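Comments concern the structure below.
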Amino acid sequence: MDTNVIIAIVAIVVIAALLLLGGWWFGKSRKKAVDKSVEDAKAKADKRLAQEVQKAETAQEAEEVQEVAAEVPPIASTEEAKAAPAVETPESTGSRIQRLKAKLAKSGNPFGKVLFNILAKDHLSESDWEDVEDTLLLADVGAEASEQLVEELRNDARISGQSDPSEVRKALKDKLLKLVGTDTDRRLNADKEGANKPSVIIMVGVNGTGKTTTAGKLARLFVADGKQVMMGAADTFRAAAADQLETWGAKVGVPVVRSDKDGADPASVAFEASEQAKETHADVLIIDTAGRLQNKANLMDELGKIRRVTEKNLPVDEVLLVLDATTGQNGMAQAKVFAEAIGITGVVLSKLDGSAKGGIVISVQKELGVPVKLVGLGEGPDDLAPFDPEGFVDGILA
Ligand SMILES: Nc1nc2c(ncn2[C@@H]2O[C@H](COP(=O)(O)OP(=O)(O)OP(=O)(O)O)[C@@H](O)[C@H]2O)c(=O)[nH]1
């Protein structure tokens with residue numbers, strides 16, 4: 001073979017080898033380039049995805065913020081809320097007596113006024129005297145007290161003859177005051193000091209007379225006097241009564257001991273409340289009870305047990321019977337059952353604002369033998385005041 005042919009074959013082999021190497025190299029770089037662009041694309045996609053996610057998260061957050069913002073009161077209300085603290089400051093005792101006196105004068109207790117109009121006549125006939133007696137009976141003064149008052153007034157009229165209106169008013173006021181009782185001790189026994197604290201008050205009465213409301217109002221009255229109060233919701237018969245009491249308590253920062261179980265043993269609530277009141281050094285403990293019992297024996301059992309278990313911890317200082325003034329003499333029979341069941345130390349005459357039967361103050365004291373200590377003159381939170389005979393008689397004669 002000649003040399004030229006050999007050189008040509010070698011050259012072809014070299015060129016073919018070079019071509020193969022170039023192809024491999026080109027393929028490899030191309031793959032690299034494709035991989036890079038895939039990676040770039042992937043990175044780009046990830047970045048977009050991340051941006052989308054961020055956008056979505058921001059939108060969701062914005063939505064949540066909007067939702068929360070909708071629940072938060074606008075700035076003006078927040079300011080208002082700051083101005084009016086969540087815990088209320090009840091009206092002071094002095095100022096509520098004044099306000100309630102004025103309310104009494106405007107309320108449906110006109111029997112004093114009716115009496116005065118009859119008695120201020122020049123000559124009183126037999127039928128006028130009958131009207132005087134009827135007025136007293138209608139106002140629930142009671143038969144015995146009415147008869148006594150008419151007799152005294154007739155005697156006065158016989159002695160003094162013709163009636164001068166101002167004298168008649170004065171004589172009537174004095175006699176009514178005497179019947180109501182000016183020197184009776186009407187203070188609530190709720191001022192125990194130091195180790196003897198707290199004073200314990202149990203509220204009793206027929207259902208619907210206003211026990212729970214009165215317990216709440218009473219707590220406010222004590223808070224207004226600077227006392228530390230606790231309440232016990234032993235009215236487990238009506239589940240809403242405990243909620244009602246809690247609402248009253250929350251407004252003036254008074255804790256309420258209650259059971260979460262419907263129909264729980266009222267005595268155990270009273271026991272727990274007395275224990276907690278003692279531990280927390282409260283000044284006063286007010287225990288609300290239920291008034292709904294089928295018969296006298298059950299009532300005796302329940303109230304007696306409440307009293308007994310409470311007294312394991314603390315002596316009971318007051319048992320207040322809440323009596324609805326609008327039921328007048330009708331409520332008296334039931335009131336007597338409560339008095340027998342637990343023994344009462346005072347009466348709260350509720351709803352005197354809606355009653356023309358203010359005379360019930362006189363008859364209730366006579367029949368139950370305990371003083372009216374407090375009166376309720378409305379549904380407002382501070383519409384409860386210590387009973388003030390002068391203010392009461394002035395009110396009914398106004
Ligand atoms: N007008 C007026 N309403 C009053 C007064 N005291 C209470 N009430 C209203 O009487 C109603 C009954 O009051 P409650 O306190 O629920 O009576 P309760 O005795 O606890 O009733 P029970 O839990 O069912 O035994 C409520 O609507 C009170 O707002 C008052 O002095 N005047």
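Read the numbers this way: they start at 1 and go in the same order the structure lists the ligands and their atoms. Note that the structure is predicted; figures quoted are calculated from it, not measured. Just so you know, these numbers use all the heavy atoms, side chains as well, and skip hydrogens, waters and symmetry mates. Index from 1, following the sequence.
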- Query: What are the atoms of ligand 1, with element, lying closer than 4.0 Å to any heavy atom of Lys211?
  - Reply: 15 (O), 17 (O), 18 (P), 19 (O), 20 (O), 25 (O)
- Going by heavy-atom distance to atom 31 (O) of ligand 1, choose the closest among Glu379, Lys351, Arg238. Lys351
- Consider only side-chain N and O atoms of Asn313 and Ser274, and report whether a donor and an acceptor are under 3.5 Å apart. yes
- Item | Numbered atoms of ligand 1 (with element) below 4.0 Å of Asp353, judged on heavy atoms | 1 (N), 2 (C), 30 (C), 31 (O), 32 (N)
- Message: Within the 4.0 Å heavy-atom shell around Lys217, which atoms of ligand 1 are there?
- Response: 5 (C), 6 (N), 30 (C), 31 (O)
- Task: Name all pairs fulfilling the side-chain hydrogen bond (donor to acceptor under 3.5 Å, both in side chains) condition that reach into residues 335-350, sequence neighbours left out, sorted by first residue then second.
- Result: Lys296-Glu340, Glu318-Thr345, Lys336-Glu367
- Message: Test your reading of the structure: does Ala241 have an N or O sitting under 3.5 Å from an N or O of ligand 1?
- Response: no
- With heavy atoms of Leu377 as the reference, note each atom of ligand 1 found under 4.0 Å away. 31 (O)
- Message: Heavy-atom distances under 4.0 Å decide this one: backbone, side chain, both or neither, for Asp383 against ligand 1?
- Response: neither
- Determine whether the side chains of Asp128 and Ser125 contain a donor N or O and an acceptor N or O closer than 3.5 Å. yes
- Query: Can you tell me the protein heavy atom closest to atom 24 (O) of ligand 1 and the distance?
  - Reply: Arg292 NH2, 2.6 Å
- Close approach of Gly378 to ligand 1, heavy atoms, under 4.0 angstrom: yes
- Task: List for me each residue that meets side chain to side chain contact (heavy atoms under 4.5 Å, CB included) alongside Asp383, sequence neighbours excluded, and say none if there are none.
- Result: Arg99, Leu100, Lys103, Lys217
- Query: Looking at ligand 1, does any of its N/O atoms fall within less than 3.5 Å of an N/O of Thr214?
  - Reply: no
- Gly376 heavy atoms within 4.0 Å reach ligand 1 at atoms 31 (O)
- Indicate yes or no: does an N/O atom of Thr209 lie under 3.5 Å from an N/O atom of ligand 1? yes
- Message: Consider side chain to side chain contact (heavy atoms under 4.5 Å, CB included). Of Leu320, Thr289, Ile202, which one does Lys211 pass it with?
- Response: Thr289
- Message: Hydrogens and angles aside, do Asp140 and Ser363 bring a side-chain donor and acceptor to less than 3.5 Å of each other?
- Response: no
- Query: Heavy atom of Gly208 under 4.0 Å from ligand 1?
  - Reply: yes
- Task: Quick one: look up the protein heavy atom nearest atom 15 (O) of ligand 1 and list residue, atom name and how far away it is.
- Result: Thr213 OG1, 2.5 Å
- Quick one: do the Glu272 and Gln276 side chains pair a donor with an acceptor below 3.5 Å? yes
- Message: If you apply the rule salt bridge (charged side-chain N to carboxylate O under 4.0 Å, His left out), what do you find for Asp185 with Arg187, and how did you get there?
- Response: CA-CA 6 Å; Asp185 185 1; Arg187 285 171 304 175; 3.0 Å; yes
- Side chain Asp317, main chain Asn189, donor-acceptor under 3.5 Å: no
